[in-house]
Amino acid sequence: MAEQHYDHQHTEAKWQRAWAEQETFCVTEDPARPKYYCLEMFPYPSGRIHMGHVRNYAIGDVVARYKRMRGFNVLHPMGWDAFGLPAENAAIERGVHPQIWTQENIAYMRAQLKRMGLSYDWSREIATCEPDYYKWNQWLFLEFYKKKLAYKKHSAVNWCPSCETVLANEQVEEGRCWRCDSGVIQKELEQWFFRITQYAEELLKGCDQLTGWPARVLTMQRNWIGKSVGVEVDFPLAEPAPGLPAIRIFTTRQDTIFGATFMSLAPESPLVERLIAGRPEAVAVREFVARVSRQEKAVRTAADREKEGIFTGAYAINPFTQAKIPIWVANFVLYEYGTGAIMAVPAHDQRDFEFATRYGIPVRLVIQKPDGTLAEPLPAAYEDEAGALVNSAQFSGLGVAEAKAKLADYVEAKGFGTRTVNYRLRDWGVSRQRYWGTPIPIIYCQACGTVPVPAADLPVTLPRDVPLTGKGSSPLARAAQFVQVKCPKCGGAGRRETDTMDTFVDSSWYFLRYCSPREGARPLDPAKAGHWMAVDQYIGGIEHAVLHLLYARFFTRAVRDLGLIKVDEPFLSLLTQGMVCKETYRCEEHGWLFQDDLAGSEQDGWRCKQCGRPAEKGRVEKMSKSKKNVVDPERLIATYGADTARLFSLFAAPPEKDLEWSDAGVEGASRFLGRVWRLVHDMTPIIAGFATEAPAASVAASSRASSVTIALRRLTHRTIRKVTEDIEREFQFNTAIAALMEFVNGLYKFTAETREAGKAGEAAALREAVDALVLLLSPFAPHIAEELWAATGHATSLARERWPLYDAALIQEDVLTIPVQVNGKVRSKLSVPAAWSKEQVVAASQSDVKVREWIQGKTVKNIVYVDKRLVNIVVGDA
RNA sequence: GCGAGAGUGGCGGAACUGGCAGACGCGCGAGACUUAGGAUCUCGUGGGAAACCGUGGGGGUUCGAGUCCCUCCUCUCGCACCA
């Protein structure tokens, strides 16, 4: 028999080879066709792909293949986010050079991705650790430096006192060093920054344009940028210090300024020292400041951290009440935000309230609730903005919103201060004291100072042999050959910057590089980037909702302002796929257990293979090595094939929701493909005589409109519509695949009947159905689809075929089933011609035997008719 | 605490604008073909003996509510001293 068993290994390898040899998915700019840029977040080459990758890239590949079939010229590239810490750890732990380790991983993972049958243009592959790529990181850095978008300043870094090293944020786990578990402290270092805050307002406003992004990602971006509109106000000192007549604060609640009964400074503020100099309080205050800044990050940032502070001995004057108010230092005031000093209004700010209560500072009510029920002493701060001002001189009686405006006017008119906007977004610190990253292209010269490496000297390549110990600061600092350099300006002795760039820099513009990946003179070819950008559909994990996406949006604007591209936003539409999860198992003796470490069964209970104790079934959690609930895609693909792996991960849940792993679900996906395989091969002899071209025409020509033909064609065209709409509507692949399953179930019924009849018209309609099935299946399971396409007599690759279109006329039913309700409960179902009018359907429903039982002896009060859908007869007692 | 999202059969999940709840898959049951089948094909499968009851609980709007409104509960994910 022709069908035999479906051999996925052979078939998948065969088509992967064919696609590669024919360069099926290589693209160039084509003015004749609309472009479509489909992009999935590129992976870190950690060694092997995981199920999250499978899902991410399966989703992206369906989009790319579907859009291609819809006539778009699709750019679908892939590459490697290849710089990063794990490579350095491998070097420290196993003595493998990061470059070797990375290259080997890339080679392995590339082969894995190829085995998934993903329709990438591999000729555009990039790896960020290659000098050809990171050269342009450096080039962009220098352009930013020219525009003062890159600058250097002192800043606090995470420091592990035991390892004596700087830690990246992601190496700090709950305030502790990931390696030795010591408490991480903050240490001041000179670091490079990108001035992302210059674009804060634009990045915020841009969110409104991103209609193709999930609302929650936009919310997270907006919150991260954190715009606050308020005023800065000077509070004069009661006894001005030399050169320090006043302390400037920032507030968004200027309406409460009459309630400011003290001030608080951040412990880090340099003003503290100037205020306490020569006072008896100085010693105690210094001690307090030292204690707070010595505190570990985890302790300092804990949510329930107790508010504490110390009085400086100095007083300020509230410019509105003229009251003399004490100046404190408080642990909860942030030096980095606003002016590092606040006016404290205990009646209307919970933090100030707690502080005031603890230290016996007066609480002054200045906003009264609309119902007037607030009375002193307050049990807690009233922070709500509903209400009116009281105890606020000429401003008393104003509503909060109005008072904010009037007080801001007043502050400006009197010269007390100015309206100000603050963002919680901070400039992006890009210096990393690591080896495996892009060297920052800067030289320090005794005579000339900070000197950028001339563009002609790029790239500054990473020296190959550098001892990596994980101790101390930048590894590059120990590479004398690298550090010692002539100053490009004066030729004198210079010293290279030894920090490397944050790897987020690499991923902030890689999507631009894909447009012209081998461009040698610039980071990108403006004509090509102009053609392809922006990315039409970006797909990746929600974990990048803030940082990566925000940095990429910033880079896009910065590169735009260098004149290289024209777009403002990099990603028009964003799909954040859910996590891949699986149940966990735990043994009280041996901890988390792999599936393979379990004995027993679901019914009889699971046991630990090692000790025989019962294994407790835990909750469904994100697949992770630590929980031992991972599934290796390689095994999955080897056993079931890439098509099954893809189909399962697309069918089990909608893309943006979490997906729960299920062995049975994989079986189901595999079984479905087997069903398709057998069905199509069963039909091949029947449909062989019918042209592969224009099946619809041959159906029409030979059809004598038998009921079988009509029903078959209706099923075919309904399926085309359903699958198309589900893909177009938010990529609902799970329901699209369900529709294909229904199609196949339906076709199985037709084959039995049709083989009996064997009429020409029906065979032609079957040809149409089978062709449609294979085409509709192809984005999801491309290998088996190609094989079936060829088996049914087609000479060309499916990948270049057009997506089928449905004929609306064929979808129409001629007989409808209308449920008839009595008082909202279904009592009967009517089969009526689709052409019937309301009156005809209503009349038929009232004469229906089953309906009559329910309306007999009752008064018909109302009849609701929903066109072509339902009748509801409302009756009451006679 | 604040913000967002979600609670539907034994399980994963369907149900676009209010209109037959449970598509599709898994699991389970029955049958067919078989030396055999954990393969394949067909049929059935929310609960209940039934009237009826069923989309986290309670209330409301409506001829009609999984869907809209109010309220409460639970879970998940973000942000958590940003003045």
Side-chain angles (χ1 to χ4, degrees), chain A residues 5 214-217 219-220 222-224 226-228 230 249-254 256 264 300-307 330-334 336-345 348-352 354-355 383 422-426 542-543 545-546 578-579 602 619-620 647-648 651-654 656-669 671-672 674-675 678 722 725-726 729-730 732 734-745 748-749 752 817-826 828-829 861-875:
Chain A
H5 185 69
R216 65 185 188 126
V217 175
T219 304
M220 284 161 77
R222 289 191 184 104
N223 289 346
W224 192 264
K227 181 180 182 177
S228 297
I249 59 96
F250 172 73
T251 182
T252 58
R253 290 300 302 273
Q254 60 271 20
T256 65
S264 298
R300 269 197 83 173
T301 56
D304 51 359
R305 166 178 165 222
E306 204 170 340
K307 286 157 194 55
N331 63 345
F332 66 89
V333 179
L334 303 174
E336 317 84 69
Y337 187 78
T339 59
I342 60 167
M343 68 173 195
V345 184
H348 304 290
D349 182 291
Q350 188 56 28
R351 297 158 299 181
D352 296 342
E354 287 168 28
F355 196 90
E383 294 183 316
N422 256 303
Y423 300 90
R424 51 196 294 186
L425 180 69
R426 308 284 150 77
I542 187 76
E543 65 272 22
V546 178
M579 298 180 300
E602 193 69 49
R619 23 193 286 163
V620 174
L647 198 70
F648 165 73
F651 177 64
E656 68 284 354
K657 292 226 273 178
D658 285 352
L659 179 152
E660 191 183 329
W661 174 265
S662 144
D663 291 317
V666 175
E667 280 286 349
R671 207 178 297 166
F672 169 67
R675 249 167 100 69
R678 287 184 296 275
K722 173 75 174 150
E725 285 178 356
D726 284 352
R729 180 168 62 92
E730 307 275 313
Q732 296 298 304
N734 54 330
T735 52
I737 293 167
L740 288 174
M741 289 173 170
E742 285 186 78
F743 191 24
V744 169
N745 292 344
Y748 263 89
K749 282 172 201 134
T817 304
I818 306 270
V820 182
Q821 299 180 335
V822 178
N823 285 351
K825 290 187 176 161
V826 179
S828 184
K829 285 180 186 181
K861 289 183 171 170
N862 189 15
I863 296 178
V864 180
Y865 175 70
V866 182
D867 193 35
K868 294 184 188 349
R869 305 202 75 158
L870 138 156
V871 177
N872 187 13
I873 302 171
V874 186
V875 296

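Lettering follows sequence order; numbering is per chain, from 1. Computed over heavy atoms, backbone and side chain alike; hydrogens, waters and symmetry mates excluded.
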Item to complete: Could I get the full list of side chain to side chain contact (heavy atoms under 4.5 Å, CB included) partners for A:Asp352, not counting sequence neighbours?
Response: A:Phe262, A:Phe332, A:Ile342, A:Ala344, A:Pro346, A:Asp349

Item to complete: Would you please name every residue forming a ring pair (Phe, Tyr, Trp, His ring centres under 6.0 Å) with A:Tyr865, sequence neighbours left out?
Response: none

Using a cut-off of under 3.5 Å, enumerate the N/O to N/O pairs linking the protein to nucleotides 14-22 of chain B.
unit_1	atom_1	unit_2	atom_2	d
B:A14	OP1	A:Asn734	ND2	3.2
B:C20	O2	A:Lys829	NZ	2.4

Worksheet item: Sequence neighbours excluded, which residues qualify as ring pair (Phe, Tyr, Trp, His ring centres under 6.0 Å) partners of A:Trp661?
Response: A:Phe648

Worksheet entry | Partner set under side chain to side chain contact (heavy atoms under 4.5 Å, CB included) for A:Asp658, not counting sequence neighbours | A:Met579, A:Cys581

Response to the item:
Taken in chain and number order and not counting sequence neighbours, the residues that satisfy side-chain hydrogen bond (donor to acceptor under 3.5 Å, both in side chains) with A:Arg216 are none

Any protein N or O atoms within reach of nucleotides 44-51 of chain B? Criterion: under 3.5 Å, listing atom names and distances.
none

Fill in: Residues which pass side-chain hydrogen bond (donor to acceptor under 3.5 Å, both in side chains) with A:Gln350, listed by chain and number, not counting sequence neighbours
A:Glu354

Discussion item. The criterion is side chain to side chain contact (heavy atoms under 4.5 Å, CB included); which residues satisfy it with A:Leu334, sequence neighbours excluded?
Written reply: A:Glu336, A:Tyr337

Worksheet item: Taking only residues two or more places apart in sequence or in another chain, which ones pass side-chain hydrogen bond (donor to acceptor under 3.5 Å, both in side chains) with A:Lys227?
Response: A:Glu201

Discussion item. Using a 3.5 Å limit on both distances, find every run of at least three consecutive Watson-Crick or G-U pairs that involves RNA chain B.
Written reply: B:1-7 with B:73-79, B:10-12 with B:24-26, B:27-32 with B:40-45, B:56-60 with B:68-72

Worksheet entry | Partners meeting side chain to side chain contact (heavy atoms under 4.5 Å, CB included) with A:Glu730 (sequence neighbours left out) | A:Gln732

